[in-house]
Amino acid sequence: MFDSTTGELLTGMSVRIEDETITAVVQGDLPDNGGASIALDGLTLLPGLIDAHVHVTAIVADFFKLSLMTQSLIAAHTETVLEAMLRRGYTTVRDAGGADSGLVQAIEQGHIVGPRLLIAGQAITQTGGHGDPRPPHFSHGGCICCGSAGLLGYVADGVPEVRRAVREQIRNGAHHIKVMAGGGISTPNDPLDGLQFSTEELGAIVEEADAARTYVMAHAYSPEAISRAVRAGVRSIEHGNLLDEQTAELMARYGVYLVPTLATYAALAERGSALGWAPAMLEKCAQVKDRGLEAIRIAQAAGVKIALGSDLLGDMHDLQCDELVLRQQVMSPAQVLRSATHVNAELIGASGRLGVIAEGACADLLVMDGDPLRDLRAFQHERNLRMVLKAGKPVVDRLTRAPA
């Protein structure tokens with residue numbers, strides 16, 4: 001059994017589940033209470049994985065094209081994306097922009113099979129910032145993409161507007177707030193080292209999130225963009241590929257999490273040209289691709305808490321488990337799995353309930369062939385995942401049932 005608190009494998013353990021909850025975890029045997037018993041000799045029991053940076057409605061990698069698609073079509077594709085994530089062992093995901101409360105309710109009510117979904121609603125972006133998908137000459141008012149389920153960003157400028165933008169996301173069911181604090185690779189006109197939003201605007205966004213008893217995740221690459229967001233009070237920095245030592249020390253001092261997303265850069269480097277990405281976007285991808293591993297090394301040395309996200313788009317969602325494997329170049333398998341369980345649970349405010357096998361925790365559990373801590377490439381082959389339980393209910397069962 002993988003203990004996500006310590007990163008150790010424990011042997012000879014017994015776990016009892018009642019309904020949706022783990023009610024006992026002990027060394028040795030539990031007394032027979034008349035329930036079903038499953039022996040896992042030679043297998044490994046792990047907590048359900050958490051992906052802290054997804055875009056479940058990003059069914060294509062072109063955000064403007066996405067913003068023109070009908071809501072019903074996006075929802076239909078998203079159902080497929082969500083079910084596939086759950087079947088890979090991700091029992092909880094944190095959406096970083098695009099998903100709405102209707103998807104949350106559809107999962108909770110059983111209309112869609114998918115992981116527990118936490119949403120940011122639309123990411124708060126400035127005019128022309130990362131998250132503003134409008135091509136040149138499209139005005140703010142009456143844009144043809146207004147209201148689309150695929151629209152990633154909510155454009156707001158100035159302190160009153162950003163306050164309203166945050167309140168709109170909270171009103172619409174957001175669990176957390178996403179702010180674009182610097183340039184990105186998937187929009188052609190905002191430089192990676194560009195700063196987005198004033199310090200006053202960033203502070204107002206955090207203040208409104210605090211008032212709603214939630215937190216802010218900030219998209220940022222450059223040290224200056226990261227530093228401004230950290231000082232404003234954000235909880236996590238998304239991507240952070242250009243992180244330097246001084247900025248990492250600042251993050252550690254403020255207790256801010258880093259959410260690297262290596263898988264998306266590897267996927268885009270391979271598929272970006274075929275997807276029709278502009279040369280400027282591909283060039284920005286190249287700038288950050290090889291810096292992600294170094295950012296993790298720098299963050300580890302500074303004592304920054306390192307979470308785990310994937311940030312995949314379109315038909316690249318199937319590469320979600322690549323994030324686990326890519327991390328092995330700079331982290332041990334146990335450290336990677338702790339990021340995807342214990343650390344991510346702490347980040348989303350679910351310590352003790354998610355990402356852990358412990359009494360009182362939600363019964364989100366995975367059963368894997370052999371010992372995945374020797375090599376996380378085992379997760380890239382779903383046949384190695386013998387069982388997936390979400391809230392005590394089997395989603396995948398290759399263990400107690402014969403293959404169809």
Side-chain angles (χ1 to χ4, degrees), residues 46 48-63 65-66 74 77-99 113-115 117 150 152 184-186 219 238-241 259-277 281-282 284-293 295-296 306-331 333 336-337 339-341 344 366 368 372 375-385 388 395-396:
L46 305 101
L49 303 180
I50 303 168
D51 191 326
H53 192 119
V54 300
H55 294 284
V56 298
T57 60
I59 61 171
V60 295
D62 181 329
F63 284 119
K65 181 179 178 181
L66 181 66
I74 291 172
H77 278 275
T78 299
E79 182 175 1
T80 302
V81 170
L82 286 163
E83 183 173 0
M85 286 181 171
L86 182 56
R87 295 184 67 84
R88 289 184 206 110
Y90 291 88
T91 52
T92 301
V93 297
R94 182 180 71 152
D95 196 84
V113 176
L117 178 62
L152 176 70
I185 66 171
S186 59
H219 165 107
E238 312 301 304
H239 318 302
N241 295 50
V259 187
T261 56
L262 306 181
T264 193
Y265 311 111
L268 287 168
E270 180 180 331
R271 305 184 186 182
S273 294
L275 291 169
W277 270 36
M281 295 158 67
L282 294 174
K284 288 194 287 185
C285 181
Q287 289 178 41
V288 300
K289 177 179 177 291
D290 295 328
R291 294 287 299 275
L293 292 171
I296 292 176
I306 301 172
L308 183 139
S310 60
D311 193 31
L312 293 159
L313 313 170
D315 64 358
M316 293 174 277
H317 283 295
D318 62 344
L319 303 175
Q320 189 174 22
C321 290
D322 285 8
E323 186 67 33
L324 304 171
V325 177
L326 289 166
R327 299 270 182 118
Q328 290 187 131
Q329 298 172 76
V330 289
M331 302 173 74
V336 176
L337 286 177
S339 288
T341 53
N344 272 356
L366 312 180
M368 293 282 293
D375 190 345
L376 295 174
R377 284 181 292 183
F379 281 95
Q380 292 177 313
H381 306 285
E382 286 190 34
R383 64 179 180 273
N384 294 323
L385 197 55
V388 176
V395 178
V396 172

Check step by step if side-chain contact (heavy atoms from CB on, under 4.5 Å) holds for Val396 and Leu385.
CA-CA 8 Å; Val396 172; Leu385 197 55; 5.5 Å; no

Apply side-chain contact (heavy atoms from CB on, under 4.5 Å) to residues Leu49 and Leu324 and explain how you reach the verdict.
CA-CA 11 Å; Leu49 303 180; Leu324 304 171; 4.2 Å; yes

Does Phe379 form a side-chain contact (heavy atoms from CB on, under 4.5 Å) with Leu366? I'd like the steps, not just the answer.
CA-CA 11 Å; Phe379 281 95; Leu366 312 180; 4.2 Å; yes

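Residue His317 comes nearest to Ala58 through the heavy atom pair NE2-O, 3.3 Å, listed as atom of the first residue, atom of the second, then distance. The two residues Leu293 and Leu326 make their nearest non-hydrogen contact at CD2-O, 3.8 Å. The minimum heavy-atom distance between Tyr90 and Ile50, with the atom names listed, is CD2-C, 4.0 Å. In terms of heavy atoms, Ala99 sits closest to Val56 at CB-CG2, 3.8 Å. Smallest separation of non-hydrogen atoms from Pro260 and Ala307: CD-O, 3.5 Å. Nearest approach of Ala267 to Leu312, heavy atoms of both residues: CB-CD2, 4.0 Å.
Taking CG of Asn241 as the start and NZ of Lys284 as the end, the distance is 13.0 Å to the nearest 0.5 Å. The line from NE2 of His55 to CE of Met316 is 11.0 Å long, rounded to the nearest 0.5 Å. Rounded to the nearest 0.5 angstrom, Ile185 CD1 and Thr264 OG1 are separated by 6.0 Å. Considering CG of Leu82 and NE2 of His77, their distance stands at 13.0 Å, rounded to 0.5 Å. Here CD of Glu79 is found 12.5 Å from CD1 of Ile59. Values are rounded to the nearest 0.5 Å. Here the CG atom belonging to Leu319 is positioned 8.5 Å from the CZ atom belonging to Arg88, to the nearest 0.5 angstrom.
Partners of Arg87 by salt bridge (charged side-chain N to carboxylate O under 4.0 Å, His left out), not counting sequence neighbours: none found.
Counting only distance, with no hydrogens or angles, the side chain of Ser339 and the backbone of Leu308 share no donor-acceptor pair below 3.5 Å. When atom types are taken as modelled, the side chain of Gln328 and the backbone of Leu376 share a donor-acceptor pair closer than 3.5 angstrom. Judged by distance alone, with hydrogens and angles left aside, the side-chain atoms of Asp311 form no donor-acceptor pair with the main-chain N or O of Thr261 at under 3.5 Å. Under a 3.5 Å cut-off, the side chain of Asp51 and the backbone N or O of Ser310 do form a donor-acceptor pair.
Put simply, the side chain of Asp375 does not reach to within 4.5 Å of the side chain of Pro333, judged on heavy atoms. In this structure the side chain of Ile296 reaches within 4.5 angstrom of the side chain of Leu262, judged on heavy atoms. Counting only heavy atoms from C-beta outward, the side chains of Leu313 and Leu66 never approach each other to under 4.5 Å.
Sorted by first and then second residue, the salt bridge (Lys or Arg N to Asp or Glu O under 4.0 Å) pairs with a member in residues 320-330 read Glu323-Arg327; sequence neighbours excluded.
Note: His53 and His239 have tilted aromatic rings, judged against thresholds of 30 and 60 degrees for the angle between ring planes.
By the neighbour-count criterion of 12 heavy atoms within 6.0 Å, atom CZ of Arg271 is densely surrounded, having more than that number from other residues, nucleotides or ligands.
Tested against Leu117, the residues Thr92, Thr78, Asp95 include a single side chain to side chain contact (heavy atoms under 4.5 Å, CB included) partner, Asp95.
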